[in-house]
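Indexing begins at 1, ligand by ligand and atom by atom, following the structure's order. Atoms considered below: every heavy atom in the structure, side chains included; atoms not considered: hydrogens, waters and symmetry mates.
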Amino acid sequence: MTLLHAVPIIIGRCKLNCLHCKATQHMATPEDLPQAIAETRDKALRELSDVDSPEALERWRVTYLGRRSGLTRLLRQISALAPEARRQVGLLGNQARSLLEERLARREQELKASVLSHLGELERLDVTLPGRPAVVGRLHPTIRMVREICDAFVAMGFQVVEGPEVEWDRYNFEMLNIPKGHAARDMWSTLWVDYQDENGDHPMLLRTHTSPMQVRVMENTQPPIRVVVPGKCYRYEATDATHEWHYYQIEGLAVDEGITFAHLKGTLYEFARRVFGAERQVRFRCDYFPFVEPGVEMAIDCFLCQGKGCRVCKGTGWIEILGAGMVHPKVLEGVGYDPRRYTGFAFGIGPERVAMLKYGIEDIRLFYSNDLRFLGQF
Ligand code: FA5
């Protein structure tokens with residue numbers, strides 16, 4: 001093979017440190033170029049058989065096929081050859097490069113396959129390990145409490161019904177013997193809906209208690225009635241350890257001939273016994289609600305201080321959990337019942353307060369602060 005060249009090319013160190021050697025100072029003479037390419041190719045193939053990791057393979061690729069690799073440098077020199085020699089040596093160079101690329105791809109596949117089979121072995125070893133626990137949701141503690149309380153009343157013959165959270169003034173107040181301007185409206189700090197009727201009034205609100213459902217149920221049913229109504233309520237008030245601005249209530253209503261205050265007390269004692277156990281203390285005290293007469297509040301001795309007085313019970317030793325009383329004759333009349341024939345009792349329980357007592361939760365605000373460390377305990 002006659003290899004002609006216009007520029008002197010020296011094997012070993014390039015004395016010129018010129019454009020052709022790209023300052024690498026390593027050049028081959030035209031006669032040596034085919035042999036240099038073959039030697040580089042063979043050396044690369046020998047080393048490839050020792051490559052045993054993806055990292056080593058990448059190093060090999062950079063060394064033999066990278067832009068600054070020996071082979072690339074040799075191939076660059078081909079352009080300086082005479083046309084005939086350029087064609088022959090170029091063919092040789094391209095074949096060498098293709099061969100190395102093909103072997104590189106093959107080795108890559110082999111390494112991948114061996115990593116996978118290694119993983120397979122590891123998996124076979126892993127079968128004795130416990131599986132990863134699946135992250136599953138659970139019921140919110142309030143909902144658990146609501147269900148538990150409802151179950152206690154269902155066992156005593158009550159039905160469960162539900163009603164709207166956005167309510168009319170008429171049901172939340174007026175039909176419950178709390179007309180406009182009545183001082184008792186202040187007891188229920190109200191969130192009003194921004195809606196005006198034709199008289200310029202704001203008759204719509206977020207219900208402040210579940211008592212409006214007493215009226216809705218009585219309007220649509222005839223005695224005997226025994227219902228419990230769980231649902232969300234809203235009040236525009238400052239929060240503290242026992243007050244939230246949104247919380248649940250469970251309303252209870254029983255109407256029939258001959259219902260007395262003794263039935264009310266007996267039912268609520270039974271509820272307290274089922275939910276808290278027999279050892280917990282229960283206290284009834286007179287209270288005022290315009291829609292009952294007489295009215296009471298029921299409290300349970302504080303779980304934290306056992307009745308001595310602390311921050312949670314505000315020093316009283318008791319935590320109020322419900323308001324109750326005998327349905328006011330005016331309310332019965334309002335729905336068309338004859339109060340001389342029918343009597344009834346009603347109550348409104350705060351399930352978060354019940355859960356606080358039952359599980360020793362010190363702050364009601366924990367229920368709705370979305371802290372999974374708290375919620376995950378139930
Ligand atoms: C009422 O809401 C009356 N509707 C209850 C009632 C029903 C009386 C039927 C008579 C007959 P009161 O405002 O006291 O009453 O609330 C009742 C219960 O709801 C309280 O005992 C308490 O457990 C709970 N509760 C009231 N306000 C809040 C609040 N801001 N945060 C958490 N729970 C509350």
| said: Please determine whether side-chain contact (heavy atoms from CB on, under 4.5 Å) holds for the pair Y248 and T210, giving the CA-CA distance in whole Å, both sets of side-chain angles, and the decisive distance to 0.1 Å. | reply: CA-CA 9 Å; Y248 273 73; T210 42; over 6 Å; no
| Within-shell test, E297 vs ligand 1, heavy atom, strictly < 4.0 Å |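 No.
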| query | For ligand 1, is G295 a contact, meaning one of its heavy atoms is under 4.0 Å away? | reply |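 Not so, G295 does not reach ligand 1.
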Numbered atoms of ligand 1 (with element) below 4.0 Å of [X], judged on heavy atoms:
X: Q249; answer: 1 (C), 2 (O), 16 (O), 17 (C), 18 (C), 19 (O)
X: W188; answer: 1 (C), 2 (O), 13 (O)
X: V292; answer: 10 (C), 11 (C)
X: R235; answer: 1 (C), 2 (O), 12 (P), 13 (O), 16 (O), 26 (C), 27 (N)
X: A324; answer: 8 (C), 10 (C), 11 (C)
X: L322; answer: 21 (O)
X: Q214; answer: 9 (C)
X: T242; answer: 31 (N), 32 (C)

| F153 vs F347 aromatic rings, parallel, tilted or perpendicular, using cut-offs 30° and 60°? |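 Parallel, since the angle between the ring planes stays under 30°.
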| request: Indicate the ring-plane relationship of H209 and F291, choosing parallel, tilted or perpendicular according to the 30° and 60° boundaries. | output: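 If you compare the ring of H209 with that of F291, the planes turn out perpendicular.
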| field | M326 vs E293, side-chain contact (heavy atoms from CB on, under 4.5 Å): CA-CA, chis, key distance, verdict | value | CA-CA 5 Å; M326 298 303 291; E293 183 58 40; 6.0 Å; no
| query | Is the number of heavy atoms from other residues, nucleotides or ligands under 6.0 Å of D194 CG greater than 12? | reply |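 Atom CG in D194 is not packed in, count stays at 12 or less.
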Can a side-chain donor-acceptor contact be found between [Y] and [X] if the only test is distance below 3.5 angstrom?
X: Q214; Y: Y171; value: no
X: Y359; Y: Q377; value: no
X: E165; Y: Y234; value: yes
X: Y247; Y: R235; value: yes

Mode of [X] contact toward ligand 1 - side chain, backbone, both, neither (heavy atoms, under 4.0 Å):
X: F291; result: side chain
X: E352; result: neither
X: A346; result: both
X: I321; result: backbone

Heavy atom of the protein closest to [atom] (residue, atom name, distance):
atom: atom 15 (O) of ligand 1; result: F289 CE2, 3.4 Å
atom: atom 24 (C) of ligand 1; result: G350 CA, 3.7 Å
atom: atom 30 (N) of ligand 1; result: E237 OE2, 2.4 Å
atom: atom 22 (C) of ligand 1; result: R353 NH1, 3.4 Å
atom: atom 31 (N) of ligand 1; result: E244 N, 3.0 Å
atom: atom 32 (C) of ligand 1; result: I364 CD1, 3.4 Å
atom: atom 33 (N) of ligand 1; result: Y247 CD1, 3.5 Å
atom: atom 21 (O) of ligand 1; result: E320 OE2, 2.6 Å

| Same cluster for V217 and V255 if Ile/Leu/Val/Met/Phe/Trp/Tyr side chains link at under 4.5 Å? |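 Yes, because V217 and V255 connect within a single hydrophobic cluster, where side-chain heavy atoms sit under 4.5 Å apart.
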| task | May I have the step-by-step check of ring pair (Phe, Tyr, Trp, His ring centres under 6.0 Å) for F271 and F158, ending in yes or no? | result | CA-CA 12 Å; F271 145 71; F158 285 72; over 10 Å; no
| field | Polar contact flag for H243 and ligand 1 (N/O pairs, less than 3.5 Å) | value |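 For ligand 1, there is no N or O atom that lies under 3.5 Å from one belonging to H243.
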| task | Decide yes or no for F289 and H328: does some side-chain heavy atom of the first lie under 4.5 Å from some side-chain heavy atom of the second? | result |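 The answer is no, as the side chains (C-beta and beyond) never meet within the 4.5 Å cut-off.
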| task | Take E58 and E55 through the side-chain contact (heavy atoms from CB on, under 4.5 Å) test and state the conclusion after the steps. | result | CA-CA 5 Å; E58 175 59 12; E55 296 75 30; 5.8 Å; no
| field | E84 and R87 ion-paired at < 4.0 Å | value |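 R87 and E84: salt-bridged.
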